[in-house]
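To start, the structure under review is shown below, and the notes come after it.
Not measured: the values here are computed from a predicted model. Start at 1 and go down the list; that is how both ligands and their atoms are numbered.
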Amino acid sequence: MATSDEIKSLGQYMLSVSKDEGMEGLDAVIEAIARGSVRVQKTVESAALGRWLGSTGKTNVHGEDVQTLDEIGSRVFEEELLVSGRIRALGSEEVETAIEQAGSSRGNFVVMMDPIDGSSNIDVAISIGSIFGIWRHSGKYDEDVLQPGNQLVAASYTIYGSSTVMVVATKNHVSSFTLDPGNDTFWLTNRDLKLPTDGAYYSVNEGYFNRWSRNMQDAVTTLRDSLSLRYVGSLVADFHRNLLKGGVFLYPSDDRSPSGKLRLMYEANPLSFIIEQAGGSSSTGKTRMMDVIPDSLHQRTPMIIGNSDLVDGIVSVLNC
Ligand code: AHG
Ligand code: MN
Ligand code: MN
C-alpha cells in the first residue's frame with residue numbers, strides 16, 4: 001500500500017487498497033457510496049427547507065413508518081451503486097426483495113444497505129447514518145443475497161453529524177474519512193483505526209430494562225458500575241462514538257422483540273466486520289455475529305458489539 005503521505009483522498013486510498021487486497025472494482029463501489037453520501041448529506045442538511053421531513057405515510061416490510069428521507073436515501077444509493085457497473089445484487093432495508101442487476105452492467109459485488117439509520121432522529125436534527133455491507137458475487141441469486149457476515153469483503157458507514165464522516169473497513173484496514181463540503185471530497189483523517197483498550201461507555205435503551213431477561217438485567221447493572229451511559233438512538237452514532245472512545249453497544253432481545261430489533265444483513269453484519277477489524281467483537285449473545293447463517297433478507301438479531309472484554313463479560317453472564 002502506498003505510504004501514508006501519498007494518500008490523501010478516499011479515491012486514492014481505495015485505489016491502493018483494492019489493488020493490494022486483490023479486490024478489483026471495490027474502489028468503484030466505495031466511491032459510489034461516497035457520491036451517494038454527499039447527496040444524502042445535502043438533503044439531510046436542508047430537509048426542513050426542502051419539505052423532506054416527516055413520514056411518507058407508507059410502512060416498510062418491517063411494518064415501520066417510512067420517513068421521506070428513508071425513501072430518498074434508498075433511491076439515491078440505489079442509483080449511484082447500480083450505475084457503477086460493479087453490482088450483481090443490491091438489498092435495502094426499504095425494499096422488500098433485493099435487486100438483481102441484469103445484463104452487461106452487472107458486476108461482481110453484492111451490497112446490503114441501511115440507507116438511513118436512525119430515522120426517528122431526522123426531524124430533531126440528531127446525527128443519523130447510512131450502513132453498507134459488501135460481499136463478492138458467490139453464485140446464484142438467492143445464495144448471493146444471504147451470505148453470512150464472515151464472507152464480507154468490506155463494510156462502510158457514513159455518519160451525518162457535526163461533520164460527515166465515512167468509515168471504510170476492508171480485509172486489512174479500517175480507516176475514516178471526513179467530507180470537505182467545499183469540494184464534495186472525503187479526505188483521510190484516521191488511518192487504521194483501533195479500538196481504545198479501555199471502554200468508556202455502554203449504550204443501551206434502559207427504558208426497556210423490565211422487558212429483558214433476568215440475566216440481561218444483571219449484565220447491564222454490572223456495566224453501570226464502571227461505564228457511563230450514552231444512548232443517541234441512532235445505531236451509527238452510538239457505534240461511531242464507541243469505536244473512537246471504546247465501549248459496548250447492546251440491543252437485546254426482549255419480551256416484545258424476541259429476535260431483537262436490529263437487522264442482521266445491513267446493520268449487524270457490516271458493523272461487526274468493522275469492529276473486528278478494529279480489534280473488537282460482536283455477538284448475538286450466543287454466537288459470533290458474523291457466523292450466523294442468514295435465512296431471510298430482513299431478519300433481526302440481538303446485538304452486543306464493542307470492546308472484546310466487555311462483550312465477553314456480557315455473554316458470559318447471559319449464558320451462566
Ligand atoms: P432505522 O432508522 O434504520 O430503522 O434504525 C433505527 C435503529 C437504530 O438506529 C437504533 O439503534 C435503534 O433503532 C433505536 O431503537 P429504539 O428507539 O427502540 O431504542
Ligand atoms: Mn438502522
Ligand atoms: Mn434505516
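Here the CE atom belonging to Met14 is positioned 7.5 Å from the CZ atom belonging to Phe177, to the nearest 0.5 angstrom. Note that the CG atom of Asn108 and the OG atom of Ser138 stand 11.0 Å from one another [nearest 0.5 Å]. A distance of 12.0 Å separates CE of Met303 from NZ of Lys261, quoted to the nearest 0.5 Å. For the atom pair CE of Met166 and OG of Ser156, the computed distance is 3.5 Å after rounding to the nearest 0.5 Å.
Backbone and side-chain nitrogen or oxygen atoms of Ser120 are examined, and none is located within less than 3.5 angstrom of a nitrogen or oxygen of ligand 1. In terms of polar-atom proximity, defined here as any N/O pair under 3.5 Å, Val236 makes no such contact with ligand 1. The shortest N or O to N or O distance between Ile116 and ligand 1 is below 3.5 Å.
One hydrophobic cluster holds both Val292 and Leu262 under the rule that ILVMFWY side chains link at heavy-atom gaps under 4.5 Å.
Residue Asn319 comes nearest to Gly285 through the heavy atom pair ND2-O, 2.8 Å, listed as atom of the first residue, atom of the second, then distance. Closest heavy-atom contact between Met265 and Met112: O-CB, 3.8 Å. Heavy-atom minimum distance, Ser92 versus Ser74: OG-OG, 2.8 Å.
The parts of Leu235 lying near ligand 1 are both backbone and side chain, judged by heavy-atom distances below 4.0 Å. In Asp117, the parts holding a heavy atom less than 4.0 Å from any atom of ligand 1 are both the side chain and the backbone. In Asp70, neither the side chain nor the backbone holds a heavy atom less than 4.0 Å from any atom of ligand 1. The proximity of Glu206 to ligand 1, defined as any non-hydrogen pair under 4.0 Å, does not occur for either the backbone or the side chain. At a heavy-atom distance under 4.0 Å, only backbone atoms of Ser234 (N, CA, C or O) approach ligand 1.
Side-chain atoms of Ser203 and Arg241 include a donor-acceptor pair closer than 3.5 Å. When only modelled atom types and interatomic distance are considered, Thr170 and Glu21 share a side-chain donor-acceptor pair under 3.5 Å. In summary, the side chains of Ser226 and Tyr202 do not present any donor paired with an acceptor at a separation below 3.5 Å, with no hydrogens or angles considered.
Not a single heavy atom of Asn121 lies less than 4.0 angstrom from ligand 1.
In this structure the side chain of Asp295 never reaches within 4.5 angstrom of the side chain of Leu146, judged on heavy atoms.
Between the choices Ser203, Ser119, Gly233, the shortest heavy-atom distance to atom 10 (C) of ligand 1 belongs to Gly233. Nearest-residue assignment for atom 15 (O) of ligand 1 (options Glu267, Lys261, Glu64; heavy-atom criterion): Lys261.
Which parts of ligand 1 touch Asp114 is read off a 4.0 Å heavy-atom cut-off, strictly below it: atoms 3 (O). Close contacts of ligand 1 with Gly118, meaning ligand atoms under 4.0 Å from a residue heavy atom, involve 1 (P), 2 (O), 3 (O), 5 (O), 6 (C), 9 (O). Close approach to Glu93 involves these atoms of ligand 1, each under 4.0 Å from a residue heavy atom: 1 (P), 3 (O), 4 (O). Here is the list of ligand 1 atoms found below 4.0 Å of a heavy atom in Arg263: 1 (P), 3 (O), 4 (O), 5 (O).
Nearest non-hydrogen protein atom to atom 14 (C) of ligand 1 is Tyr231 OH, 3.4 Å.
Across Thr158, Asp184, Thr164, a single residue satisfies side-chain hydrogen bond (donor to acceptor under 3.5 Å, both in side chains) together with Ser37, and that is Thr158.
Protein N, O or S atom count below 2.8 Å of the Mn ion (ligand 3): the structure gives 3.
In Glu24, the CD atom is not crowded: 12 or fewer heavy atoms of neighbouring residues, nucleotides or ligands sit closer than 6.0 Å.
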